[in-house]
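Input: a single structure, listed below in structure tokens.
For the single chain, residues carry numbers from 1 onward in sequence order.
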Amino acid sequence: MLVGKINSYSYRPHFTRRLRENEKAEYNAAINDAKEYLGIENMSMILHGSCYPAGEYNTGIGTPFSKDALEIIKFEKLHGFNANQLGPNGEVTRGSISPYSGTVFARNHLFIDLAELTTDKYGKILSGRTFDRLVINHPETGRNYSHSEFFEAFEIYDIALREAYRNFKSQVYLGNLRAIDLNREYEEFKKQKGTEALEEALFQLLTHTYGTMDTSVWEKEVDQNLISRLKSRDPEAIDRFNHLLSRSGDEINAFIFGQFIADKQIKENKQLRAKENFKYINDLLVGFSPSEEWIYRDAFLPDYKLGCPNGGVGNGPQLWEIPVLDPNKLFNEDGSLGPAGKLLEKKIESSFDTGENIRIDHALGLVDPYIYKKSSVFISNGYLDRGRFYANNISKIPNMDPNGNYQKILEKILLPILKRHNINPNSAVWEDLGTSTDTFSRIYYNKLKLPGITQLEWARGERSPRNNTALVGSHDSEPAIKMIQKDWVRNHNAWNIDYLAGYLNCDPARAKEREEFKQKIIKNPAEQVKAKFIELFTTSKNIQISFADFFGISETYNMGGKALKENWKLRLNKNYEDTYYKNLESDNPTALNMPEILRHAVQAKMDLEVVQDGVQNPDDTVLNRNSLNREMAPLLKTLKKYEDILKEKTEEDEDDGDLVL
């Protein structure tokens with residue numbers, strides 16, 4: 001190959017001042033000591049599965065269950081996190097990549113670590129040649145983020161898993177010992193979850209046949225009700241099932257095998273996380289998928305769907321198209337669980353397969369859901385015809401739930417499951433946002449006294465319930481560095497500069513520092529964002545930070561309430577650690593400098609203690625202040641040390657790498 005003449009080539013690497021190995025122990029100890037003083041027990045990063053970075057290989061999408069995922073866990077632990085808030089981990093489709101539209105029981109096959117299938121451990125059921133051909137090799141862009149390529153990933157995984165299943169069968173037939181061992185595990189999986197996986201496979205097969213998940217338009221009535229008719233041993237349904245199995249048995253079995261691999265890797269990852277003492281918080285979907293409505297049709301209320309009374313077009317209702325569990329089938333007359341109650345219990349229990357804790361999505365939907373008749377939905381010129389629309393919260397619809405069964409769900413089903421898994425309800429994440437009702441408030445807050453969300457995007461942290469989960473922005477929010485650019489945010493009471501300066505520097509003896517703090521916020525919006533995260537650490541014992549905010553990414557993962565093609569695709573880049581430290585040393589850092597945030601939060605709590613002690617014992621204020629300052633000085637000094645280290649600038653070496661040809 002002829003290469004043109006190169007006169008000179010200058011390679012100028014950039015070395016970031018990351019923490020050295022001999023600094024990490026002291027750094028981590030200071031972070032954890034600060035958290036302990038602040039009373040923080042749970043600190044999780046909001047990092048959905050697809051947002052995980054590519055490891056050595058890129059298959060188009062991230063996965064929280066690969067060996068590479070353990071590397072970011074170690075990085076997070078260094079900076080004080082002890083958990084990740086995942087999104088729902090069910091199957092998504094080409095038609096909707098939102099994890100909140102996915103399945104409850106079937107696992108997302110895109111989260112399988114394909115590289116593992118090329119190893120001896122899996123009998124090399126995926127050839128290295130095929131794997132190398134499928135992986136995506138994109139050059140680094142220099143940005144501090146990347147994007148998932150869902151549609152590329154669907155193709156990659158379809159090809160890889162078909163080959164893996166073919167090779168698996170072949171290796172078992174040939175007597176490969178590792179394949180035989182794998183087959184024993186596969187047979188055990190089928191005993192436990194085979195029927196569940198088979199039913200999901202049938203739905204996917206028929207969806208492909210008809211080109212839609214809307215079972216009401218499927219041509220054959222037997223297909224519309226296949227599972228329920230099979231359960232009643234209907235001859236026509238049995239004939240149809242046998243025909244589908246004969247025609248598409250390989251596709252069905254390949255899907256079931258993929259579910260086995262996904263389940264196996266989830267369990268293995270859980271064991272590895274236990275060694276790291278790091279938890280995953282699984283997002284418990286409030287609803288069910290179209291496939292589950294088809295499979296468990298008897299458990300659902302015909303013609304009704306779950307929605308939200310506002311936030312839609314023209315601030316009208318949101319039509320979520322989520323099936324509604326039949327209130328009259330939640331409990332039997334003797335108080336035992338009915339078909340709907342058993343399905344709900346199964347759903348909640350299954351969430352602990354992938355995580356050690358849960359986030360309860362849309363808690364209102366488990367007490368007093370807003371439901372609407374699908375047959376009453378008529379759209380004219382893009383707007384819902386409100387005159388013909390029939391909807392309300394279930395407690396307000398006459399004769400819909402005469403026994404108040406929905407009001408019993410938390411006490412009779414969900415809370416006992418948390419107890420069985422040794423989870424204090426105050427440690428779970430309860431998403432109580434939305435339009436509340438008197439029924440919900442009476443059950444949720446007054447009777448059960450459950451916590452909720454304190455979202456500092458529109459709330460002040462001062463006097464927030466300590467058991468709430470506090471966060472600045474969620475997976476549905478813009479990064480805080482973009483929030484602050486909006487007029488409504490800058491002018492919102494929650495972001496008021498005098499409040500932030502006063503609340504975080506409330507000791508009268510530190511009036512000078514308070515004014516300096518205020519002036520920094522006035523001059524630099526990034527400092528105002530920083531102040532909100534300092535406030536965050538004074539708010540609750542349960543803290544969450546979105547990955548975009550922690551790494552200083554200005555792109556949005558999901559714009560809540562808007563169907564944008566960019567939604568759900570943001571992920572960390574491969575070199576997330578380098579770009580994180582590089583961001584911190586820049587002139588305008590947007591990533592979170594944890595020792596800096598925690599140093600100010602510790603000082604804010606010290607101020608508050610001094611003020612509170614002064615109210616009780618005004619004569620001892622100076623003595624108490626001086627004593628507290630002496631006690632906390634070593635921690636503040638160490639935090640300041642590492643705050644400055646992370647800001648240290650490193651110079652590019654302009655001499656290294658010069659090349660003359």
Taking the side chain from Thr118 and the backbone from Ser127, do they hold a donor-acceptor pair closer than 3.5 Å?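 No, the answer is negative, given that no donor and acceptor are paired below the 3.5 Å cut-off.
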
The salt bridge (charged side-chain N to carboxylate O under 4.0 Å, His left out) partners of Lys264 (sequence neighbours excluded) come to Glu185, Glu268

Can a salt bridge be assigned to the pair Arg94 and Asp158 using a cut-off of 4.0 Å between side-chain N and carboxylate O? yes

Please tell me whether [X] and [Y] form a close aromatic pair, meaning their ring centres lie under 6.0 Å apart.
X	Y	answer
Tyr372	Tyr304	no
Tyr57	Phe131	yes
Phe241	His243	no
Tyr100	His475	yes

If only side-chain N and O atoms count, and only distance matters, is there a donor-acceptor pair under 3.5 Å linking [Y] with [X]?
X	Y	answer
Ser291	Ser289	yes
Glu566	His147	no
Asn144	Tyr576	no
Tyr186	Lys191	no

For the salt bridge (charged side-chain N to carboxylate O under 4.0 Å, His left out) test, which of Lys342, Lys329, Arg229 pairs with Asp298? Lys329

Give a yes or no on this: more than 12 heavy atoms of other residues, nucleotides or ligands lie within 6.0 Å of atom NZ of Lys270.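 Enclosed: over 12 neighbouring heavy atoms sit under 6.0 Å from NZ of Lys270.
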
